[in-house]
Amino acid sequence: MVFLFSCEKTGLLVDCSECVSQEPIEAELTIKLSTQYGITYVNVYQGYLEDSVLFSSVNSYSAKIYINVPINKKYTLTAKYLSTGSVYFAVNSVTPRVKYAKDQCNDPCYYIYDNEVDLRLKYT
């Protein structure tokens, strides 16, 4: 009963196909972007946006991009879209973490979670 109401966000299920046997020190962020605006300018900040600690910058035409970051740190991401003279920003944050799955897969393994970021625009 206590497990169901714990503070951990991962829930009850672990995707065993994404497990690794060695504890990772980096996580691959999956960043979802809107593609109908052409090029997207993505900035990854370590910590909060107002701290202005730029970790990485990427320009992309793709719907998804991937960036490796150290785990157990907070990252704030911004996406800048240009559309017919207007500028739109999407902002989101994530803290990638590792969970040790002892009994949920065939072999004990490590599972990275909270590593997906949605920076798609919903309304313009």
Side-chain angles (χ1 to χ4, degrees):
M1 185 75 126
V2 174
F3 181 70
L4 294 175
F5 298 105
S6 71
C7 296
E8 205 166 320
K9 293 181 177 181
T10 61
L12 301 174
L13 301 177
V14 171
D15 185 356
C16 294
S17 67
E18 295 185 13
C19 275
V20 293
S21 59
Q22 298 292 322
E23 184 173 8
I25 57 172
E26 283 190 334
E28 182 178 71
L29 294 182
T30 302
I31 305 165
K32 298 177 186 177
L33 303 170
S34 298
T35 58
Q36 65 266 31
Y37 303 100
I39 193 165
T40 305
Y41 304 94
V42 178
N43 287 327
V44 180
Y45 296 93
Q46 192 170 10
Y48 294 95
L49 183 61
E50 56 268 14
D51 295 340
S52 300
V53 180
L54 186 63
F55 180 81
S56 178
S57 289
V58 178
N59 300 333
S60 177
Y61 287 98
S62 302
K64 279 187 183 178
I65 59 173
Y66 305 92
I67 296 176
N68 289 331
V69 297
I71 60 168
N72 296 326
K73 293 184 179 184
K74 182 179 187 72
Y75 298 93
T76 303
L77 293 90
T78 64
K80 179 180 175 182
Y81 299 96
L82 305 174
S83 175
T84 60
S86 298
V87 179
Y88 299 98
F89 286 93
V91 180
N92 203 343
S93 63
V94 67
T95 305
R97 299 171 196 216
V98 174
K99 177 181 180 178
Y100 181 66
K102 183 177 179 181
D103 299 322
Q104 295 176 343
C105 299
N106 292 337
D107 295 319
C109 61
Y110 294 91
Y111 178 72
I112 297 173
Y113 64 99
D114 285 344
N115 60 331
E116 292 189 8
V117 185
D118 190 353
L119 291 176
R120 295 177 290 184
L121 292 178
K122 296 181 182 174
Y123 307 105
T124 57

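What you see is a predicted model, and the numbers here were worked out from it, not measured in a lab. Throughout, residue positions are numbered sequentially from 1 according to the sequence presented.
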Ile25 CD1: over 12 foreign heavy atoms closer than 6.0 Å: no

Any non-hydrogen side-chain atom of Ser21 less than 4.5 Å from a side-chain atom of Asp107? no

What is the distance from atom CG of Leu54 to atom CD of Gln46, rounded to the nearest 0.5 Å? 10.5 Å

Test Asn92 against Leu77 for side chain to side chain contact (heavy atoms under 4.5 Å, CB included), laying out the working first. CA-CA 5 Å; Asn92 203 343; Leu77 293 90; 5.5 Å; no

Say you draw a straight line from NZ of Lys64 to CD1 of Ile31; how long is it, rounded to the nearest 0.5 Å? 11.5 Å

Roughly how far, to the nearest 0.5 Å, is NZ of Lys80 from OG1 of Thr40? 11.5 Å

Rounded to the nearest 0.5 Å, what's the gap from CD on Glu23 to OH on Tyr110? Could you check? 4.5 Å

Do you know the tightest heavy-atom contact between Asn68 and Glu26? CB-OE1, 3.9 Å

Under the side-chain contact (heavy atoms from CB on, under 4.5 Å) test, which residues partner Ser93, sequence neighbours left out? Lys74, Thr76

Return yes when atom OH of Tyr100 has more than 12 non-hydrogen atoms of other residues, nucleotides or ligands closer than 6.0 Å, and no otherwise. yes

Is the distance between the SG atoms of Cys105 and Cys19 less than 2.5 Å? no

Who else is in the cluster with Phe89 when I, L, V, M, F, W and Y are joined by side-chain contacts under 4.5 Å? Ile39, Tyr41, Tyr61, Leu82, Val87

Would you say Ile71 ends up clustered with Val69 if hydrophobic residues are merged whenever their side chains have heavy atoms under 4.5 Å apart, either directly or through other cluster members? no

Starting from Leu119, can I reach Tyr48 by hopping between I/L/V/M/F/W/Y residues whose side chains sit under 4.5 Å apart? no

Least distance between heavy atoms, Leu29 atom then Pro96 atom: CD2-CG, 4.1 Å

Could you give me the CA-CA distance, side-chain angles and deciding distance for Thr95 and Asp114, then say whether side chain to side chain contact (heavy atoms under 4.5 Å, CB included) is met? CA-CA 6 Å; Thr95 305; Asp114 285 344; 5.6 Å; no

So does Gln22 have more than 12 non-hydrogen atoms from other groups sitting under 6.0 Å from CD? no

Any Cys16 side-chain heavy atom under 4.5 Å of Asn106 side chain: no

Partner of Val44 under side chain to side chain contact (heavy atoms under 4.5 Å, CB included), chosen from Ile67, Val94, Val117: Ile67

From Ile112 atom CD1 to Thr30 atom OG1, the distance as rounded to the nearest 0.5 Å: 10.0 Å

With Tyr45, which residues qualify under ring-ring contact (aromatic ring centres under 6.0 Å, His included), at least two apart? none

For the CG atom on Asn59, are there more than 12 heavy atoms of other groups (residues, nucleotides or ligands in this structure) within a distance under 6.0 Å? yes

Tell me if a side-chain donor or acceptor on Ser34 pairs with a main-chain N or O of Gln36 at a distance below 3.5 Å. no

Shortest non-hydrogen contact between Ala90 and Tyr81, atoms and distance: CB-CE1, 4.3 Å

Taking Asn115 for the side chain and Glu28 for the main chain, is one N or O donor matched with an acceptor at less than 3.5 Å? yes

Which heavy atom in Pro70 sits nearest to a heavy atom in Tyr75, and how many Å separate them? O-OH, 2.9 Å

Is it true that Val91 and Val42 fall in one hydrophobic cluster, defined by side-chain heavy atoms closer than 4.5 Å? no

Nearest heavy atoms of Ser57 and Asn43, plus distance in Å: OG-OD1, 2.6 Å

